[in-house]
Amino acid sequence: MKIPKNYNHKETEDKIYAKWEKERLFKPETSIEKGKASHDSPYFSMVLPPPNVTGILHMGHALGITIEDILARFHRMKGYKTLWIPGTDHAAIATQSKVESILQKEEGKNRHQLGKKKFLEKVNSFASESHDTIVKQVRKMGASVDWEREAYTLDEKRNRAVKTAFKRLHDMGLIYKGMRIVNWDPRGQTTVSDDEVNYEEAKGKLYTFYYDKDFPIPIATTRPETKLGDTAVAVNPGDKRYKEYIGKEYKVNFAGESLSIKIVGDEEIDPEFGTGAVGVTPAHSFTDWEIAERHGVSIKQIINEKGEISIQDSEFNGKEISKAREEIVEKLKEKDLLVKEEFITQNIAKAERTDGTIEPLPKMQWFINVNKKFVFPHSSLPFIKKGEKITLKKLMELSVKEGCISLVPKKFEKTYFHWINNLRDWCISRQIWFGHHIPAYYCKKEGRKIHQNDAKNNFYISIEAPEKCPFCGECEMVQDSDTLDTWFSSGLWTFSTLGWPEESKELMNYHPTTVLETGHDILFFWVARMILMTTSLIGEIPFRYVYLHGIVRDERGRKMSKSIGNIMDPIEVSDIYGTDALRMSLVIGSAPGNDVKISEDKIKAQKHFANKIWNATRFVVSVMPEEKKELDKIIAGETILLDNEKKHQEDLKKHIKEVTRHMENFRIYLAAEKLYQYFWHNFADIIIEESKESIYKGREEERMSALQNLYLHLTKQLKLLHPFMPYVTEEIWSMIPRSKESENYIMIEDWPKN
RNA sequence: GGGCGGUUAGCUCAGUUGGCUAGAGCAUCUCGCUUACAUCGAGAAGGCCGUAGGUUCGAGUCCUACACCGCCCACCA
């Protein structure tokens, strides 16, 4: 057979992927049919972390997919029933705000001007376009995912899972509706969770002032306008300066508004900071809310959802915050109440997706209670029995602490525990339109006797829309207009993709999943939520191992970003250098948890490696004996090896062992480097070069021994390399002489044992 | 403020349970188009493994302190 001089990935990749798919090699059922695995074989299962349908894949996705595919292909070759489920994430707020900004740019409209129905149509068509792109890209990366099981976090099956989960968690007493202070994003017009808030450093002013001239204690603040909502002043109970005032109540006139201020003593107050006294604004500050709760101070909301002052009959009513601030400072100056103005740097809370400045507001929202003990309904967990009581926090903690789930690398376990310790109730409701609707229904009539479900709050939780109102028996109920945090649905991902809430075979066969591979930046967002959801709902862990990869950076260690202009598009790169080259360069030097730097040079080097493999094969094929009997003997591995070749085979055995050990311990980066080293500098540089002597000038036994050695080395190494460089190895596999028993595809060959 | 991590060749990084005469890729230099590959080969140069102590027969690897860099969390009125 004549083999071209250089490896051409462009002619290879799409063709091979299509063949794999056509032969259904990505399905565990096929492994069983072909006798590679049996029904009793151990399984290896993963979910693809569903990419957001907000655009296209980036290098981070490429890295994740590569690692996952390596794990999947490795286990498939080792004879595991291997299932890897693909899918996409509707990503609620991220997608909605993306479409909103497009709408604003293209049509100059906001979502309200367009209307809910039309807007959602737009979002859905955007999502579906984005989905198609993503799916194409996942294929291009060579991912051996089972496309027939593809899922979407917002499709019908997942919607059923979400509603069921919501209802069950509510029945368990873990979901509640309550008035609480939340992170309000005035730009996105929605609440966001604590994890979706980022802090930005900014210059600000710290004002020290008195409410009015009769008030004895000076207060410091960076936000004078919020002081309109003050209902108390808190001081440290040990602070001698203010001790005498604790317990007293003052009527003050602050900037023309009358306030009633109670002085309370609270240990949390640092006497050293500012004036040692805090103006307590319970409605617009998390810590103040807590102080107010401790001391029974009243709550007064003075800022509305638009980010305006909202006080009836006040001159400030309807004014923007910044405007109100100026005017108040002006008034304080006039009355000579402003003691000090100093510049300070402070942290401004920003909404991750919209960059809107977070305004803490008290709002009626849905929460998941992480501190409430509940009866654990069923358990396959070793640390708790069915019927025992536990909190969600404890469940999340013990799942990892007791070793049911291992994080790779281990150092993230500390970060994880630390996060759990600081965890507050999870606000799961969002006021956006795109997402799963909360399955809560309200009676339209008022004053009726309410007797079912959650009567106190007058809502009824149901998976199906109720036909008859259980409260009044007449009205058509109104569904809650809120949607769910996107992480609520992705928290169910390992089992919602396997048919839950049906008691499916899939769930029995492939859950808990074996590995979850994802970026360490979503450890809290996603990994922790999956543990929460899975343990509480099905009494099982979602996965045994969590493999966390780092961030892909440019060659100078910078994050890839549009503003720097250093973004590398994985698809472009794989067009130029080949997917195999891209995969190798992403994996080499990428220890779990560490950031990876990638450069064009690095990728080029791996393209060269693919070519090296190609040419080494060309050589081996070209020297194979023409006589059929001899060739068959080599293919069967029956040729007698001389001492020199025996030694090479011993080295190869060691190499296989080492690579396998690395793979089993998630040291994929080391396995990749070893493979590169061994192939190039042992096999090509030494073994092939040495063999030429025997092949061209040696005695018959020497020639045959050398050829046998080459053949064994090449075929075994190709198998070892296949998970890493699936395309080039598959293409080559079809070109080398093989036995009848060997598979048509290297993808389903056995992983070498020795 | 609390926590976690890093510091090894010009650059990017390996170094798995302490045995290393410390490796690789890229870049540099010299020579070579020899019948697998110039997307290559042969060779060279390049490192008090952040600093200071300690444990040990032996430390890049373990311990302590310090310096610098990075990340995460909290958020102080």
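Lettering of chains follows the sequences in order, A, B, ..., and the numbering in each one begins at 1.
In this structure, the nucleotide among B/rG25, B/rU16, B/rA74 sitting nearest to the side chain of A/His662 is B/rU16. Closest to the A/Asn611 side chain, of the nucleotides B/rG2, B/rC37, B/rA36, is B/rC37. Taking every side-chain heavy atom of A/Lys227 into account, B/rA77 is the closest of B/rA14, B/rU12, B/rA77. When distances are taken from the side chain of A/His418 to each of B/rA14, B/rG2, B/rC13, the shortest belongs to B/rG2. Residue A/Lys5 has its side chain nearest to B/rC37 when only B/rC37, B/rG2, B/rC75 are considered. Of the listed nucleotides (B/rA77, B/rG15, B/rC4), B/rG15 has the atom at the smallest distance from the side chain of A/Leu670. Comparing B/rA77, B/rU16, B/rC72 by their closest approach to the side chain of A/Phe524 singles out B/rC72. Candidate nucleotides B/rA36, B/rC37, B/rG15 were compared by shortest atom distance to the side chain of A/Asn6, and B/rC37 ranks first. Of the candidate nucleotides B/rC76, B/rG25, B/rU16, B/rG25 has the atom nearest to the side chain of A/His681.
For A/Met584 and B/rC13, the CE to P distance is 18 Å, given to the nearest whole Å. Rounded to whole Å, atom P of B/rC37 lies 5 Å from atom CZ of A/Arg618. As rounded to whole Å, 13 Å separates atom P of B/rG15 from atom CZ of A/Arg661. Computed from coordinates, the A/Arg553 CZ to B/rU12 C1' distance equals 13 Å when rounded to whole Å. Straight-line distance from the CZ atom of A/Phe412 to the P atom of B/rC73: 12 Å, rounded to whole Å. Separating the CG atom of A/Asp601 from the C1' atom of B/rG25 is a distance of 9 Å, rounded to the nearest angstrom. Spacing between atom CD1 of A/Ile688 and atom P of B/rG41 amounts to 11 Å, rounded to whole angstrom units. For A/Asn615 and B/rU34, the CG to P distance is 15 Å, given to the nearest whole Å.
Nucleotide B/rG41 is matched to B/rC31 when pairs are restricted to Watson-Crick or G-U wobble geometry with both distances under 3.5 angstrom. Across all strands shown, B/rU56 forms no Watson-Crick or G-U wobble pair with both distances under 3.5 Å. Pairing partner, B/rG10: B/rC26, with both Watson-Crick or wobble hydrogen-bond distances short of 3.5 Å. Nucleotide B/rC71: paired with B/rG3 (Watson-Crick or G-U wobble, both distances less than 3.5 Å). Remark: B/rA36 base-pairs with no nucleotide; criterion is Watson-Crick or G-U wobble with both hydrogen-bond distances under 3.5 Å. Nucleotide B/rC66 is matched to B/rG50 when pairs are restricted to Watson-Crick or G-U wobble geometry with both distances under 3.5 angstrom.
Within 4.0 Å (heavy atoms only), A/Asp685 reaches sugar-phosphate atoms of the nucleic acid but no base atom. Using a 4.0 Å heavy-atom distance criterion, A/Thr617 is classed as making no nucleic acid contact. When heavy atoms are screened at a 4.0 angstrom cut-off, A/Ser622 is found touching no nucleic acid atom at all. Nucleic acid contact class of A/Lys692 (heavy atoms, under 4.0 Å, all strands): base. Looking at heavy-atom distances under 4.0 Å, A/Ala684 makes contact with a base. Contact annotation for A/Glu689: base contact, defined as any heavy-atom pair under 4.0 Å involving a base atom. If you check every strand for non-hydrogen atoms under 4.0 Å, A/Asp288 touches nothing. Contacts of A/His520 with the nucleic acid, taken as non-hydrogen atoms under 4.0 Å apart, are absent. Residue A/Ala616 is classed as a base contact, given a heavy-atom separation below 4.0 Å to a base. Base engagement by A/Tyr199 is indicated by at least one non-hydrogen atom pair under 4.0 Å involving a base atom. Note on A/Ile598: nothing from the nucleic acid sits closer than 4.0 angstrom, heavy atoms only. Here A/Asn422 lies in heavy-atom contact (under 4.0 Å) with sugar-phosphate atoms only. Contact annotation for A/Tyr676: backbone-only contact, meaning every heavy-atom pair under 4.0 Å involves sugar-phosphate atoms and none involves a base. Nucleic acid contact class of A/Lys604 (heavy atoms, under 4.0 Å, all strands): none.
Between A/Tyr211 and A/Phe254, the angle of the ring planes goes over 60°, which puts this pair in the perpendicular group of the 30/60° scheme. Using a 30° and 60° split on the angle between ring planes, A/Trp680 and A/Tyr676 fall in the tilted class, from 30° to 60°. Using a 30° and 60° split on the angle between ring planes, A/Tyr7 and A/His9 fall in the tilted class, from 30° to 60°.
Taking the nucleotide of RNA chain B with the nearest heavy atom to each of A/Ser285 and A/Asn198, the more 5' of the two is matched to A/Asn198. Ranked by how close their nearest RNA chain B nucleotide is to the 5' end, A/Phe619 and A/Ala220 are led by A/Phe619.
When the side-chain nitrogen and oxygen atoms of A/Tyr669 are compared with OP1 and OP2 of B/rG15, one or more of them lie within a distance under 4.0 Å. Taking only side-chain nitrogens and oxygens, A/Lys612 comes nearer than 4.0 Å to OP1 or OP2 of B/rG41. For the pair A/Trp289 and B/rA77, the criterion of a side-chain N or O lying under 4.0 Å from OP1 or OP2 is not met. Between A/His608 and B/rC37 there is no side-chain polar atom (N or O) within less than 4.0 angstrom of OP1 or OP2. In this structure, A/Thr287 reaches the B/rC76 phosphate: one of its side-chain N or O atoms is under 4.0 Å from OP1 or OP2.
Side-chain contact between A/Lys602 and A/Lys597 is absent, with no heavy-atom pair separated by less than 4.5 Å. Between A/Met725 and A/Ile613, the closest side-chain pair of non-hydrogen atoms falls below 4.5 Å.
Nucleotides B/rC75 and B/rU61, compared at atom C1', are 39 Å apart to the nearest Å. If you take atom P in B/rG1 and the same atom in B/rU8, they sit 27 Å apart, rounded to whole Å. B/rG15 and B/rG25 have their C1' atoms separated by 15 Å, with the value rounded to a whole Å.
With hydrogens and angles left out, the side-chain atoms of A/Tyr678 and A/His713 include a donor and acceptor closer than 3.5 Å. Side-chain atoms of A/Thr518 and A/Trp526 form no donor-acceptor pair, as typed in the model, at a separation below 3.5 Å.
In this structure, A/Arg703 pairs ionically with A/Glu630, as a charged nitrogen and a carboxylate oxygen lie closer than 4.0 Å.
Taking the ring centre of A/Phe417 as origin, the terminal cationic atom of A/Lys401 falls inside the region bounded by 6.0 Å and 45° from the ring axis.
Formation of a donor-acceptor pair under 3.5 Å by the A/Ser705 side chain with backbone atoms of A/Glu702 is not found in this model.
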